[in-house]
Amino acid sequence: MAQEAGMFMVNQTIGSVLCCKCGILMQPNPANMCTKCLRSEVDITECLQKHVVIVHCPECDCYLQPPRTWIKAQLESKELLTFCVKRLKNLNKVRLVHAEFIWTEPHSKRIKVKLTVQKEVLNRAILEQSYIVECLVHEQMCESCTRVQANPDQWVAAVQLRQHVSHRRTFFYLEQLILKHDAAGPCIRIKQMDQGIDFFFSNRSHAVKFVEFWVKLHQLGIVMTNNSCRMIPKAIIIIISTPSLLKSVQFAVKI
């Protein structure tokens with residue numbers, strides 16, 4: 001409109017000022033200092049934790065979340081990155097912008113994480129800075145693995161899968177389902193038997209949940225009578241038992 005009317009237009013330009021400390025030309029900011037001088041005056045990572053010790057179980061590949069919770073996480077995974085960041089103190093004083101792993105040797109027992117944070121400094125100027133956190137990995141077995149190493153037969157509940165046929169095709173299929181859904185995660189030991197597989201658990205609730213997984217996956221009915229289980233031909237029989245073998249519950253599962 002102004003050009004059509006023949007009016008004079010002034011081009012919009014971004015003003016520049018001199019840094020009050022080093023004198024270089026820069027775009028203005030509330031602190032009137034360049035980024036290099038601002039970082040030399042203020043270190044927003046000074047009060048942040050840069051070293052932390054984490055406890056790792058080498059048997060089950062879990063990390064200790066104090067006081068007694070163990071979290072399973074693979075090396076350089078998203079879960080491990082979240083775990084390492086949550087272990088840092090005073091991180092709520094800054095704004096976390098980005099976090100990533102820095103590659104280290106697997107046998108070095110050290111995990112390095114690069115964090116980028118922001119914080120308001122002089123005259124409400126926002127300063128962004130990156131720093132490295134070193135996590136020292138301390139090897140220590142969890143309670144479940146310690147019990148297994150002390151006595152491999154120290155289990156609380158066992159799930160026994162049985163099928164009286166001449167082939168093992170059904171168990172190969174079950175193995176693929178277990179790996180796909182990670183159903184045997186809480187299992188402390190797996191033993192192959194003549195006509196089936198035994199799964200040992202340190203907690204009876206884990207064994208019950210393992211059986212409920214199969215029932216829910218295949219929408220199966222539960223048969224509580226031993227005679228009924230035996231009458232179903234080529235059925236998978238699941239037995240929950242205790243070390244004393246005083247009680248057992250049988251389920252007939254048609255695959």
Side-chain angles (χ1 to χ4, degrees), residues 45 48-92 94-117 130-150 152 154-159 161 171-192 197-203 205-214 216-217:
T45 66
L48 302 180
Q49 188 177 4
K50 297 181 177 63
H51 298 275
V52 63
V53 178
I54 58 177
V55 180
H56 173 250
C57 177
E59 297 295 328
C60 60
D61 203 18
C62 293
Y63 293 85
L64 177 62
Q65 179 70 43
R68 299 183 62 181
T69 305
W70 290 86
I71 300 176
K72 189 173 183 62
Q74 299 294 330
L75 193 63
E76 294 190 359
S77 64
K78 182 180 179 180
E79 293 78 11
L80 183 57
L81 182 61
T82 304
F83 170 78
C84 293
V85 172
K86 287 184 177 180
R87 290 300 311 277
L88 299 177
K89 299 178 181 179
N90 300 329
L91 199 59
N92 56 351
V94 296
R95 179 174 177 266
L96 181 62
V97 178
H98 182 68
E100 62 180 355
F101 285 107
I102 296 179
W103 186 86
T104 55
E105 292 287 346
H107 62 271
S108 64
K109 303 300 179 184
R110 282 171 173 79
I111 299 176
K112 292 185 178 181
V113 181
K114 183 180 179 181
L115 302 178
T116 303
V117 295
S130 299
Y131 70 104
I132 296 176
V133 177
E134 185 177 82
C135 304
L136 180 62
V137 181
H138 177 65
E139 301 287 356
Q140 177 183 329
M141 287 192 297
C142 61
E143 296 178 0
S144 300
C145 295
T146 302
R147 288 197 301 266
V148 173
Q149 291 293 332
Q154 191 175 0
W155 49 273
V156 176
V159 176
L161 274 67
F171 289 103
F172 293 151
Y173 170 68
L174 295 179
E175 181 182 359
Q176 296 300 320
L177 291 177
I178 292 173
L179 294 176
K180 180 180 178 180
H181 298 277
D182 194 22
C187 183
I188 62 175
R189 187 161 62 96
I190 302 176
K191 184 177 181 181
Q192 181 175 339
I197 308 175
D198 289 353
F199 298 85
F200 299 91
F201 298 87
S202 60
N203 195 320
S205 62
H206 294 162
V208 174
K209 186 177 180 181
F210 182 70
V211 175
E212 291 176 350
F213 161 76
W214 294 110
K216 182 179 179 181
L217 185 64

Exercise for the section: Test side chain to side chain contact (heavy atoms under 4.5 Å, CB included) on I178 and F210 and set out the steps. Expected result: CA-CA 10 Å; I178 292 173; F210 182 70; 4.2 Å; yes
Problem - Residues that H56 engages under ring pair (Phe, Tyr, Trp, His ring centres under 6.0 Å), provided they are two or more places apart - result: Y63
Exercise for the section: Would you check if L136 and V52 make a side-chain contact, meaning some heavy-atom pair closer than 4.5 Å? Expected result: no
Handout entry: Residue K114 excluded, over 12 heavy atoms near NZ under 6.0 Å
Key = no
Fill in the blank from the handout: Sorted by chain and residue number, the salt bridge (charged side-chain N to carboxylate O under 4.0 Å, His left out) partners of E143 (sequence neighbours excluded) come out as R68
Problem - Side-chain heavy-atom pair H181, F213 within 4.5 angstrom cut-off - result: yes
Fill in the blank from the handout: K191 and F200 have their tightest heavy-atom pair at CB-CE1, 3.9 Å
Practice task
Show your working on side chain to side chain contact (heavy atoms under 4.5 Å, CB included) between Y131 and K50 and close with a plain yes or no.
Solution key: CA-CA 8 Å; Y131 70 104; K50 297 181 177 63; 4.0 Å; yes
Completion exercise
Sequence neighbours excluded, the answer for side-chain contact (heavy atoms from CB on, under 4.5 Å) partners of H98 is E100, T116
Practice task
Provide the closest heavy-atom pair for I190 versus C187 in the form atom of the first, atom of the second, distance.
Solution key: CG1-SG, 3.5 Å
Handout entry: Reported OG-to-CD distance for the pair S108 and E134, which is rounded to 0.5 angstrom
Key = 8.5 Å
Exercise for the section: List the atom of S77, the atom of F101, and the distance in Å for their closest heavy-atom pair. Expected result: O-CE1, 3.4 Å
Practice task
Sort out for me which residue in V94, L115, V133, L88 forms a side chain to side chain contact (heavy atoms under 4.5 Å, CB included) with L48.
Solution key: V94
Problem - Side chain T104, main chain I111, donor-acceptor under 3.5 Å - result: no
Handout entry: Distance (rounded to the nearest 0.5 Å) between C62 SG and M141 CE
Key = 13.0 Å
Problem - Side chain to side chain, E76 and Q74, heavy atoms closer than 4.5 Å - result: no
Practice task
Sequence neighbours left out, what passes salt bridge (charged side-chain N to carboxylate O under 4.0 Å, His left out) with K109? Give chain and number order.
Solution key: E139
Completion exercise
R110 and V137 have their tightest heavy-atom pair at N-CG2, 4.4 Å
Handout entry: Min side-chain heavy-atom separation F199-F201 under 4.5 Å
Key = yes
Problem - CA sep, side-chain torsions, deciding dist, call: I102, I132, side chain to side chain contact (heavy atoms under 4.5 Å, CB included) - result: CA-CA 9 Å; I102 296 179; I132 296 176; 3.5 Å; yes
Problem - Counterpart residues, side chain to side chain donor-acceptor pair (under 3.5 Å), relative to T82 (two or more places apart) - result: none
Handout entry: Minimal non-hydrogen separation, Q49 against K89, with atom names
Key = OE1-N, 3.0 Å
Handout entry: Side chain to side chain, L75 and L80, heavy atoms closer than 4.5 Å
Key = yes
Completion exercise
In short, C60 meets C142 closest at the heavy-atom pair SG-SG, 3.7 Å
Practice task
Sequence neighbours left out, what passes salt bridge (charged side-chain N to carboxylate O under 4.0 Å, His left out) with R95? Give chain and number order.
Solution key: none
Practice task
Walk me through it: do L81 and V113 pass the test side chain to side chain contact (heavy atoms under 4.5 Å, CB included)?
Solution key: CA-CA 8 Å; L81 182 61; V113 181; 3.7 Å; yes
Handout entry: Sub-4.5 Å side-chain heavy-atom contact between L64 and Q140
Key = no
